[in-house]
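Note that the coordinates shown come from a computational prediction; the quantities given were computed from them, not determined experimentally. Just follow the structure's listing: the first ligand is 1, and inside any ligand the first atom is 1.
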Amino acid sequence: MMVLKQIFCNSVLFISYFFTLNFSCISANMIDLKESPKVWPSGLKLKENFISEEEEEKLLDLTVSDPQTLQLKHRTVKHYGFEFKYGSNKVDRNPLPNAIPEEMEPIIKKFVELGITRPNQLTVNHYAPGQGIPLHTDTHSSFEDGIISISLCSDIVMDFMSNDDGRRVSIVLPRRSCLIISQESRYSWSHGITPRKYDVTQAADNGLTVIRRENRTSLTFRKVRTSKCDCTFSRWCDSQLEDSADLSEKTADNIERKHVFHVYDEIASHFSETRHSPWPNVKAFIKSFPVGSLLLDIGCGNGKYLTCSQSLFSIGTDRSKQLLNGLVL
Ligand SMILES: O=C(O)CCC(=O)C(=O)O
Ligand SMILES: [Fe+2]
């Protein structure tokens with residue numbers, strides 16, 4: 001069931017709809033790292049006030065005025081350590097000249113203490129109000145488990161969607177918070193930010209409230225994977241899907257060898273004896289070619305079409321040597 005709500009704020013009319021399921025949009029202000037609500041995918045954790053205002057300012061100074069920032073269609077972005085390719089959601093394994101700035105070490109230390117693998121890749125995204133990032137899953141083969149997103153300068157709502165059944169959860173990421181995306185939330189859910197200027201969220205009294213987006217900078221820290229991912233979410237794991245593609249190619253090869261190539265070799269003489277006359281329509285087609293044309297018959301068997309016309313150059317080929325042994329030239 002859906003409910004339509006109207007909220008007036010500074011004479012702007014917001015019309016928003018919510019699924020009546022409780023997990024539609026959850027304000028994080030009551031949530032501690034150890035007690036993520038049950039409706040969240042497992043492994044998704046939020047730590048509020050992860051950094052102080054001074055730390056926020058320092059991080060901004062380090063990133064905001066970087067001349068190498070790229071202008072994407074919807075936001076500006078800068079990579080450190082390695083480039084994250086947004087088209088494929090994969091890492092470019094050629095190292096960048098600029099590593100994660102050393103000045104970020106105190107922040108990194110904080111989440112390494114929480115059990116997150118030390119990162120060697122950082123993406124800084126700058127979002128103006130109205131900008132977002134499409135739903136995506138950072139590919140398994142590119143990064144280890146445990147992706148960190150630190151929000152600077154503005155609260156924002158991030159959306160999560162289950163890749164299995166489309167279930168959605170939207171979560172308020174407060175300014176100066178740290179989001180840990182790991183396990184189920186990292187491997188079998190997508191995350192993204194809807195491009196809009198205001199977020200409608202749940203208020204403390206269970207009513208609704210409107211948050212106006214400001215310019216937001218996010219720091220996404222990741223560790224580039226050096227071996228294949230062996231997670232338990234194999235359906236969504238590009239490392240494991242690549243392996244199974246290799247396997248099925250090998251299996252298909254063996255099946256073809258056994259049930260096609262070998263069978264033709266075995267039945268070659270009988271096959272040739274029962275197929276000595278060219279089909280009339282094929283013969284007429286070949287005879288229609290201009291004098292001097294090249295006829296190439298791939299899979300020619302006993303070569304019964306190679307002699308249909310004396311005014312052509314004819315080449316025949318077949319994988320089965322046994323079939324070629326019965327050539328009727
Ligand atoms: O802006 C964020 O918090 C998340 C960015 C993100 O998902 C990404 O860079 O892959
Ligand atoms: Fe991402």
Under a 4.0 angstrom heavy-atom cut-off, which atoms of ligand 1 come close to [X]?
{"X": "Asn125", "value": "5 (C), 9 (O)"}
{"X": "Ser218", "value": "1 (O), 2 (C), 3 (O)"}
{"X": "Arg216", "value": "1 (O), 2 (C), 3 (O)"}
{"X": "His191", "value": "7 (O)"}
{"X": "Thr220", "value": "4 (C), 5 (C), 9 (O)"}
{"X": "Met158", "value": "2 (C), 3 (O), 4 (C)"}
{"X": "Asp138", "value": "10 (O)"}

Validate the cation-pi geometry between Arg319 and Tyr264: distance from NZ or CZ to the six-membered ring centre under 6.0 Å, angle to the ring axis within 45°. no
Would you call the rings of Tyr86 and His136 parallel, tilted or perpendicular if under 30° counts as parallel and over 60° as perpendicular? perpendicular
With the threshold set at 4.0 Å, does a side-chain nitrogen-carboxylate oxygen contact exist between Glu144 and Arg186?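 Answer for the salt bridge query: no.
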Side-chain donor-acceptor pair present, Asn163, Ser190, cut-off under 3.5 Å: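 Looking only at side-chain atoms, Ser190 and Asn163 do form a donor-acceptor pair, the distance falling under 3.5 Å.
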Assess the side chains of Ser142 and Asn89: does a donor N or O sit below 3.5 Å from an acceptor N or O? no
Report the part of Ile133 in contact with ligand 1, treating N, CA, C, O as backbone and CB onward as side chain, heavy atoms under 4.0 Å; options are side chain, backbone, both, neither.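 Looking at Ile133 and ligand 1, just side chain atoms fall under 4.0 Å.
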Under 3.5 Å between any N/O of Thr123 and any N/O of ligand 1: does that happen in this structure? no
Applying a strict 4.0 Å limit to heavy atoms, is Arg222 in contact with ligand 1?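 Yes, Arg222 has heavy atoms under 4.0 Å from ligand 1.
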Evaluate Leu323 against Ser272 for side-chain contact (heavy atoms from CB on, under 4.5 Å), listing each step before the verdict. CA-CA 7 Å; Leu323 277 177; Ser272 285; 4.0 Å; yes
Taking CZ in Phe289 as the centre, count heavy atoms belonging to other residues, nucleotides or ligands within less than 6.0 Å. Is the count above 12?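 Counting other residues, nucleotides and ligands, CZ of Phe289 exceeds 12 neighbours.
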Considering only N, O or S atoms, which atom of Asp138 is nearest to the Fe ion (ligand 2)?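 In Asp138, the heteroatom (N, O or S) nearest the Fe ion (ligand 2) is OD1.
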